[in-house]
Peer 1: 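Please find one structure pasted underneath; my questions will follow.
We count residues from 1, following the sequence as given.
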Amino acid sequence: MKNINDLTKRIIAFRDARDWKQFHNPKDVALSLVLEASEVMEHFQWKNKEEIEEYIETNKTDISEELADVLYWVLLMSHDLKIDVLVALEAKIRKNEEKYPVEKAKGKHTKYNKL
Ligand SMILES: [Mg+2]
């Protein structure tokens with residue numbers, strides 16, 4: 001199992017070997033991230049609950065690849081912007097724990113400002 005730093009180094013090495021950094025400004029990287037997230041959504045478009053369950057069983061590899069594409073761009077953007085994404089994630093989880101205290105949010109999908 002690779003850790004996130006090893007994976008980021010590999011992504012950057014992949015990019016550098018192809019001389020693609022010249023194309024990776026924050027706007028286009030963010031756009032790529034969203035496009036890959038859209039490819040995740042595309043798997044589920046127009047399917048009902050039962051169809052989705054069946055689809056996941058038979059298309060897990062394809063869905064995995066799209067999730068990996070999203071993570072690829074998250075790691076690349078974090079690297080370029082010098083953001084420690086694990087530190088950021090921990091801080092965000094802490095923030096969400098405060099915004100959504102269990103006693104108020106359990107079993108509800110209400111936004112924090114309406115709890
Ligand atoms: Mg993709």
Peer 1: For Y100 and K111: C-alpha separation, side-chain torsions, deciding distance, then whether side chain to side chain contact (heavy atoms under 4.5 Å, CB included) applies.
Peer 2: CA-CA 8 Å; Y100 295 96; K111 193 169 178 177; 4.1 Å; yes
Peer 1: Distance-only check: which donor-acceptor pairs under 3.5 Å involve side-chain atoms of residues 82-94, not counting sequence neighbours?
Peer 2:
unit_1, atom_1, unit_2, atom_2, d
D84, OD1, L86, N, 3.1
D84, OD1, V87, N, 3.2

Peer 1: When you look at NZ of K47, are more than 12 heavy atoms from neighbouring residues, nucleotides or ligands closer to it than 6.0 Å?
Peer 2: yes
Peer 1: Please determine whether the number of non-hydrogen atoms from other residues, nucleotides or ligands lying under 6.0 Å from atom NZ of K99 exceeds 12.
Peer 2: yes
Peer 1: Run the side-chain donor-acceptor check on residues 14-23: report pairs under 3.5 Å with partners two or more places apart or on a different chain.
Peer 2:
unit_1, atom_1, unit_2, atom_2, d
R15, NH1, H24, ND1, 3.1
R15, NH1, D80, OD1, 3.4
R15, NH1, D80, OD2, 2.8
R15, NH2, D80, OD1, 2.9
R18, NH1, F14, O, 2.8
D19, OD2, Q22, NE2, 3.3
W20, NE1, R18, O, 3.4
Q22, NE2, D19, O, 2.8

Peer 1: Could you give all pairs that pass the salt bridge (charged side-chain N to carboxylate O under 4.0 Å, His left out) test and reach residues 26-44, with sequence neighbours left out?
Peer 2: none
Peer 1: Hey, could you give me the CG/CD1 distance between L7 and I11, rounded to the nearest 0.5 Å?
Peer 2: 6.5 Å
Peer 1: With sequence neighbours excluded, what pairs up with F44 under the ring-ring contact (aromatic ring centres under 6.0 Å, His included) test?
Peer 2: none
Peer 1: So, for A30 and M77, which heavy atoms are closest and what is the spacing to 0.1 Å?
Peer 2: CB-CE, 3.9 Å
Peer 1: Tell me which donor-acceptor pairs under 3.5 Å the side chains of residues 62-76 have, and how far apart each pair is, sequence neighbours excluded?
Peer 2:
unit_1, atom_1, unit_2, atom_2, d
S64, OG, K60, O, 2.6

Peer 1: Below 3.5 Å, can you tabulate the donor-acceptor pairs from side chains in residues 48-59 to any protein atom, sequence neighbours excluded?
Peer 2:
unit_1, atom_1, unit_2, atom_2, d
N48, OD1, E50, N, 3.1
N48, OD1, E51, N, 2.8
K49, NZ, E53, OE2, 3.1
E51, OE1, N48, N, 2.8
Y55, OH, H43, ND1, 2.6
T58, OG1, E54, O, 3.2
T58, OG1, Y55, O, 3.4
N59, ND2, Y55, O, 3.0

Peer 1: Working to the nearest 0.5 angstrom, can you tell me the gap between H79 NE2 and I12 CD1?
Peer 2: 4.5 Å
